[in-house]
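Below: one structure, written as C-alpha cells.
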Amino acid sequence: MNVGIDIDGVLTDIRKFTIEEGIKYCEQYKKGRLVNPDAYSSEEVFDWDRETDLDFWFKHIFQYAEENPPLLGAAENIKKLKKDGHRLYIITARWLASPKTEKQFGEGSELREKMRNTVKEWLNKNDIVYDEIIFSEEDKSSHIIEKKIDIMIEDSPQNLKELSQITKMICYDWGYNQGIENENICRCHNWDEIYAKIKESL
C-alpha cells in the first residue's frame with residue numbers, strides 16, 4: 001500500500017512544544033495567556049492575534065524543527081511498515097517549507113530551503129525512513145490523488161474531514177481532533193496502534 005504520513009502532530013508532539021514554549025513567551029512578552037490547551041491553532045490556545053502568533057513562531061520554529069523528538073515508537077513502526085513492503089510518503093504542510101513561503105515573505109525562498117533541509121536532516125537524525133517527501137500547501141488532496149495514497153495518517157481536523165472523502169485516514173488522537181469520525185477514519189493513540197491497524201488492513 002501507499003501510506004501517507006504527516007509530520008507535525010503525527011511524528012511529533014507539537015502541542016506539548018507549543019504549550020510549554022508558548023507559556024514562556026506569554027510571560028516574557030506579556031502577550032496572551034493559556035486559554036484553550038485543546039485548540040488546534042496556537043492563536044486559539046493562547047488567544048493571540050495573528051501578528052503575535054507569527055512572532056512566536058518566527059522565534060521558535062527552528063528550535064521546534066531541530067530539537068523536538070519524534071513520538072514514541074514512530075521510527076521503529078515506520079521501519080516495520082517499510083519492511084512489510086509499503087511505500088511511504090511524508091506529506092507535510094510544515095510552515096515555511098510549503099510552496100507559498102515565497103509569496104508570504106518575499107525573499108522566502110531562503111527560508112523555504114532552510115526549513116526543507118532542516119526537516120530532511122531531522123528525519124535522518126531520528127532514523128525515520130521514507131520513499132518520498134512532499135512539501136504541501138494545507139490542502140493535501142492533490143498529492144493524495146497523484147500518489148494514490150491508500151491510507152493517510154493525519155491529526156489536522158480539517159484534513160481529516162476533507163481527505164477522508166477521498167481515502168482512508170488514520171487519525172492520531174489529540175484533544176483538538178475529538179469528535180471527527182466517519183467510516184473512512186480510524187482513530188489511533190500511538191504508533192503501535194497505527195502499525196497494527198495498517199497490518200490489519202492488508
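- If you check the side chains of Glu44 and Ser41, you find a donor sitting under 3.5 Å from an acceptor.
- There is no side-chain donor-acceptor pair under 3.5 Å between Asn190 and Tyr172.
- Using a 4.0 Å cut-off between charged nitrogen and carboxylate oxygen, Asp8 and Arg94 count as a salt-bridge pair.
- Other residues, nucleotides and ligands place more than 12 heavy atoms under 6.0 Å from the CD atom of Glu67.
- Checking Asp173 against Gln178 by side-chain atom types alone, a donor-acceptor pair falls below 3.5 Å.
- For the residue pair Asp55 / Tyr29, no side-chain donor-acceptor distance below 3.5 Å is found, with atom types taken as modelled.
- A donor-acceptor contact under 3.5 angstrom links the side chains of Asp49 and Thr52, judged on distance only.
- Donor-acceptor pairing under 3.5 Å is lacking for the side chains of Asn68 and Asp13.
- Other residues, nucleotides and ligands contribute more than 12 heavy atoms inside 6.0 Å of the NZ atom of Lys59.
- Contact between Leu11 and Ala74 at its shortest, heavy atoms only, is CD2-CB, 4.1 Å.
- With a 6.0 Å radius and a threshold of 12 heavy atoms from other residues, nucleotides or ligands, Ile166 has its CD1 atom above the threshold.
- Note on ring orientation: taking the six-membered ring where Trp is involved, the planes of Tyr25 and Trp48 are perpendicular (angle over 60°, cut-offs 30° and 60°).
- Judged by distance alone, the side chains of Asn77 and Lys80 do bring a donor and an acceptor atom under 3.5 Å apart.
- When the side chains of ILVMFWY residues are joined at heavy-atom separations under 4.5 Å, either directly or via intervening members, Val3 and Ile170 end up in a single hydrophobic cluster.
- A donor-acceptor pair under 3.5 Å is absent between the side-chain atoms of Trp174 and the main chain of Val10, judged by distance alone.
- The closest side-chain donor-acceptor pair between Ser42 and Trp57 falls under 3.5 angstrom.
- The pair Glu21-Lys24 meets the salt-bridge criterion, with a side-chain N (NZ, NE, NH1 or NH2) lying under 4.0 Å from an Asp/Glu carboxylate O.
- Below 30°, between 30° and 60°, or above 60°: for Phe56 and Phe46 the angle between ring planes is between 30° and 60°, a tilted geometry.
- Remark: Glu154 engages Lys140 in a salt bridge, criterion side-chain N to carboxylate O under 4.0 Å.
- A salt bridge links Lys197 to Glu200: at least one charged side-chain nitrogen sits closer than 4.0 Å to a carboxylate oxygen.
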